[in-house]
Amino acid sequence: GSSIEVGRLSRAAEQALARGHAAEAADYAQRAVNAAPQNNRLWFLLGYTTRLAGRYQQSIDAYDHGLRNEPNSVEGLSGLAQTYMRVGRSAEARQILMRVIAANPRRPVDLMMAGELFMRAGDVQRGADLLQNAEKLQPNAHTEVLLATAYMKLNQPQKAKQLLDRARSRAKNADVFRAVASYYREEHDYK
């Protein structure tokens, strides 16, 4: 009976997330964890939902609890790193993401996050290398914009332009157009 209840609560949390109701999802995840505290997947779900709901300390605590039982879980480590990014603990997030990448170098989201963090910390070349790996695995406009930024900082404007053009053709959203416009402004190409 309790496993049916736990499954129902877990599905309710995922459905609330799909509707964009993070606080409701976090409440369902908390109830599921209370019903099955030995289930690490539920602890990671609680960490994810509470991060989305803005309850960062609860998110960190949930990930820590799950990771005590399953210390090498790439899902748990990645989630904890994302929460650390949100609260400004960039050095810890970078460290954890490098563990995740060492365990599984084919996770494009983790590669992209690590690349962005290294760029912010001033290690632009290492950030660009990680972003290139992410782009090879799963091309997307966000990674291309980040890579273009890295190439601008590395004084390689032609590569930056190619990536921005590719991002612009791939995604038609305002953030991409802002990045392209910023590039042209810095290149003094006002037309």
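Only this structure's heavy atoms are used, side chains among them; waters, hydrogens and symmetry mates stay out.
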Notebook entry, point to check: Given Ser78, which of Asp110, Thr83, Asn104 fulfils the side chain to side chain donor-acceptor pair (under 3.5 Å) condition?
Noted result: Asp110
Item checked: Short side-chain donor-acceptor distance under 3.5 Å, Arg41 and Ser10 -> yes
Checklist line | Modelled atom types, side-chain donor and acceptor of Gln125 and Asp129, under 3.5 Å | finding: yes
Next item on the list: Determine whether more than 12 heavy atoms belonging to other residues, nucleotides or ligands lie under 6.0 Å from atom OH of Tyr48.
Entry: no
Note to self: If you compare all heavy atoms of Ala134 against all heavy atoms of Pro108, which two are closest, and at what distance to 0.1 Å?
What the structure shows: CB-O, 3.5 Å
Note to self: salt bridge (Lys or Arg N to Asp or Glu O under 4.0 Å) for Arg11 and Glu14? Distances and angles first, verdict last.
What the structure shows: CA-CA 5 Å; Arg11 277 189 305 281; Glu14 290 167 1; over 6 Å; no
Checklist line | Heavy-atom neighbours of Gln95 CD exceed 12 at 6.0 Å | finding: no
Next item on the list: Return the minimal non-hydrogen interatomic distance between Gly76 and Tyr63, and the atom names on each side.
Entry: O-CD2, 3.5 Å
Next item on the list: Starting from the C-alpha separation in whole Å, work towards a yes-or-no answer on salt bridge (Lys or Arg N to Asp or Glu O under 4.0 Å) for Asp27 and Arg55.
Entry: CA-CA 11 Å; Asp27 293 340; Arg55 303 179 202 162; 3.4 Å; yes
Check: Would the number of heavy atoms belonging to other residues, nucleotides or ligands and lying under 6.0 Å from CZ of Arg166 be above 12?
Finding: yes
Checklist line | Side chains of Leu17 and Glu24 in contact at under 4.5 Å (non-hydrogen atoms) | finding: no
Check: On the ring face of Phe118, is Arg94 found with NZ or CZ under 6.0 Å from the centre and within 45° of the axis?
Finding: yes
Next item on the list: Please examine the side chains of Gln132 and Glu135, heavy atoms only from C-beta on, and report whether any two atoms are closer than 4.5 Å.
Entry: no
Next item on the list: Return yes if some donor-acceptor pair links the side-chain N/O of Arg106 with the main-chain N/O of Leu137 below 3.5 Å, else return no.
Entry: no
Notebook entry, point to check: So, Ser73 side chain and Glu70 main chain: donor-acceptor pair closer than 3.5 Å or not?
Noted result: no
